[in-house]
Structures are given as C-alpha cells and as structure tokens.
Amino acid sequence: IGFDIFFPQITDEKIDREFIETIRKSRKVVLPVFSPTRLTERKGIFYLADKIRSSAPEFKDAAISQGHINTLVDNDQVIRRVPAFIRTKDTVYPHLSLEMVRIYRGEEGFDNIYPGKKKSSIFRNDGSIYVRIMPPEAIEKYFITFEDILAGRYPPGHFNKKLVIIGQTMVGAKNADLIPTPLGTQFGVIFQASGLYNALSGNYIHRLKPSIIASGIVATG
C-alpha cells in the first residue's frame, strides 16, 4: 500500500494513534518522501536533495518503508520522467513505485525486479526513468473512490495480493497536486499510478542510445 499523502503531524490523538497502529500491524505501507526543491545536481544515478519532507516520526516508524514521489521537468516544462533514486546525506530513497514493487516481489534489491529486462535499458544514464503514462480511460478501470470503500461496495479480500496507491483527486485539497504531462494536466497520484503500473509490468519507454539514433538518421538519409 503506497501513499501519495503525507501525515506531517498528529492532529487527532485518538484517531491518528489508531491509524498509526494499523499501519504498524499491516507491515505493508510505504509512505512518501519529497524534495521541496528542484532536483538538478546528481552523483552517478543518484539525484541529490538538500532536504527531504516526510511524515511525522510516528508514521515513519510504523511504515515498512519510504519512497520518493519527485518528478523531473523537461525543457518544455512537461513532466515525463522520475528519478530512479534520490539521496540526501547518507540516505537513498527509491521512487515510490520501485519500492512498492520490490517489497511486493520480496526482493532485497532492484536488480531482479524486471525479469528478462536489463536494468540499464530502464534506468537512463542520468538516473531517470521515462514513465509510460496511462490514458484516462485505462486509469478509470482501476480507480476506486474512498466513498465506495467506506460504503462496503467491495467484498472482503478484494485487495488481497494487489498493489494499491492512495492519493487525493480533489481540486484545492492539501495533498492533491496537479502536474503537466504529455496527456494534459493530471493529479499527481494519477501520474504516480502510471509509474506503479510501469514498475509492475516492466512496460517502460525504452530510449535508444544517441549513437543508435544518429546512425539511423544517417542510414535513412
């Protein structure tokens, strides 16, 4: 269970403590971290962050892990990529989708979570991953509202052995961000859901090396 929502403080002692204990007992929750400044510096494949925002310590300690939800803006100010990893001081955070799939498959690291695919073909030399963005009609098949959950419209066990990402899609909501993508403006959690689908299926956009592209242009000419 991955969250695209932060819990920066305890606001209701009784409710929040029950929620934290539920997170702790589940051993299934991955909480987000976020660099508030644009990621421009890099060391190898790791993007460097001066500071990280995350949930309150009580929530972090209860979660099984954390993953970042940062994105990378291209020159045209459109978001197509995410950093595979960001690093701050001595801590490395994989992207939320990578961390969820790693835990889901019981892997210790990231080398084996893409059967039959070379890691180098997914992680670019600059440490970023192109996200194959799911069209709205495809996302709608997987989209479930909190109202339907609370109303009991799904049977017990419906989410067993499934990956779930939770976020907000209300304009103006504190944790609901809107970002520009090649398929138009989308809520951040919808973009993260596309990243999760990519990580689970291995269905990424694979960029050819510049030398191959140049050779193809010359051959075509």
- Query: Do the side chains of T88 and L48 get nearer than 4.5 Å, heavy atoms only?
  - Reply: no
- Query: What is the distance from atom CZ of F187 to atom CG of L178, rounded to the nearest 0.5 Å?
  - Reply: 5.0 Å
- Residues M100, L196; criterion side chain to side chain contact (heavy atoms under 4.5 Å, CB included); working and verdict: CA-CA 8 Å; M100 288 178 67; L196 181 59; 3.9 Å; yes
- Atom NZ of K162: over 12 foreign heavy atoms under 6.0 Å: yes
- Validation row: P182, R80 side chains within 4.5 angstrom (heavy atoms): yes
- Message: Taking the side chain as everything from C-beta on, heavy atoms only, tell me whether S54 gets closer than 4.5 Å to L31.
- Response: no
- Task: Drop me the distance from R105's CZ to L163's CG, to the nearest 0.5 angstrom.
- Result: 8.5 Å
- Could you tell me the separation between the CG atom of N70 and the OG atom of S128, rounded to the nearest 0.5 Å? 13.0 Å
- Can D61 and R24 be counted as an ion pair, charged N to O under 4.0 angstrom? no
- Query: Is D50 atom CG crowded by more than 12 heavy atoms from other residues, nucleotides or ligands, each under 6.0 Å away?
  - Reply: no
- Item | CD (Q77) with more than 12 external heavy atoms under 6.0 Å | yes
- Query: Side-chain heavy atoms under 4.5 angstrom apart, residues restricted to Ile, Leu, Val, Met, Phe, Trp, Tyr: same cluster for F146 and Y154?
  - Reply: yes
- Item | Joint cluster assignment, V92 & L98, ILVMFWY side-chain distance < 4.5 Å | yes
- Taking all atoms of both residues into account, what is the closest heavy-atom pair of A56 and P8, and its distance? CB-O, 3.5 Å
- Message: Minimum heavy-atom separation for V73 and R38, please, with both atom names.
- Response: CG2-NH2, 4.2 Å
- Task: Find the distance between NE2 (H95) and CD (Q192) and round it off to the nearest 0.5 Å.
- Result: 4.0 Å
- Item | Greater than 12 external heavy atoms within 6.0 Å of K60's NZ | yes
- Query: Do E147 and R153 touch side chain to side chain, with heavy atoms closer than 4.5 Å?
  - Reply: yes
- Query: Would you say Q168 and I5 make side-chain contact, with heavy atoms under 4.5 Å?
  - Reply: yes
- Query: Just how far is it from atom CD1 of I139 to atom CD1 of I190, taken to the nearest 0.5 Å?
  - Reply: 5.0 Å
- Apply the test side chain to side chain contact (heavy atoms under 4.5 Å, CB included) to residues I103 and I64: give CA-CA distance (whole Å), side-chain angles for both, the deciding distance (0.1 Å), then the verdict. CA-CA 9 Å; I103 294 171; I64 191 172; 4.0 Å; yes
- State whether the side chain of S194 and the backbone N or O of M134 hold a donor-acceptor pair below 3.5 Å, judged by distance alone. yes
- Look at the side chain of T181 and the backbone N and O of G184, then say whether any donor-acceptor pair between them is shorter than 3.5 Å. yes
- Item | Residues, nucleotides or ligands: over 12 heavy atoms within 6.0 Å of I15 CD1 | no
- Mind checking whether Y130 and V82 have side chains closer than 4.5 Å, heavy atoms only? no
- Query: Taking atom CD of E137 as the centre, does the number of heavy atoms from other residues, nucleotides or ligands within less than 6.0 Å exceed 12?
  - Reply: yes
- Task: Report yes or no: do I217 and I212 belong to one cluster of Ile/Leu/Val/Met/Phe/Trp/Tyr joined by side chain heavy-atom distances under 4.5 Å?
- Result: yes
- Please report the shortest heavy-atom distance between D16 and T11, naming the atom on each side. OD2-N, 2.7 Å
- Message: Please give the remaining members of the hydrophobic cluster of I52, linking ILVMFWY side chains under 4.5 Å, ordered by chain and number.
- Response: V33, L39, Y47, L72, I86, Y93
- Does the distance from a Lys or Arg side-chain N to an Asp or Glu carboxylate O, for E13 and R17, drop under 4.0 Å? yes
- Message: What I'd like to find out is whether the side chain of E99 reaches to under 4.5 Å of the side chain of Q66, using heavy atoms alone.
- Response: no
- Task: Could you tell me whether F159 atom CZ has more than 12 heavy atoms of other residues or ligands within 6.0 Å of it?
- Result: yes
- Query: Which residues pass the ring-ring contact (aromatic ring centres under 6.0 Å, His included) test with F3, sequence neighbours left out?
  - Reply: F7
- Task: May I ask you to test the D4-I166 pair for a side-chain heavy-atom distance under 4.5 Å?
- Result: no
- Message: With a 4.5 Å cut-off on side-chain heavy-atom distances among I, L, V, M, F, W and Y, is there a chain of contacts connecting Y142 to L96?
- Response: yes
- Does the distance from a Lys or Arg side-chain N to an Asp or Glu carboxylate O, for D126 and R42, drop under 4.0 Å? no
- Can any side-chain N or O of R53 pair as donor or acceptor with the backbone N or O of F34 at less than 3.5 Å? no
- Note on the structure: Between the CD1 atom in I133 and the OH atom in Y197, the distance rounded to the nearest 0.5 Å is 13.5 Å
- Task: Applying side-chain contact (heavy atoms from CB on, under 4.5 Å), name anything that partners T220, two or more places apart in sequence or on another chain.
- Result: none
- Looking at A63 and V29, what are the two nearest heavy atoms and their distance? CB-O, 3.5 Å
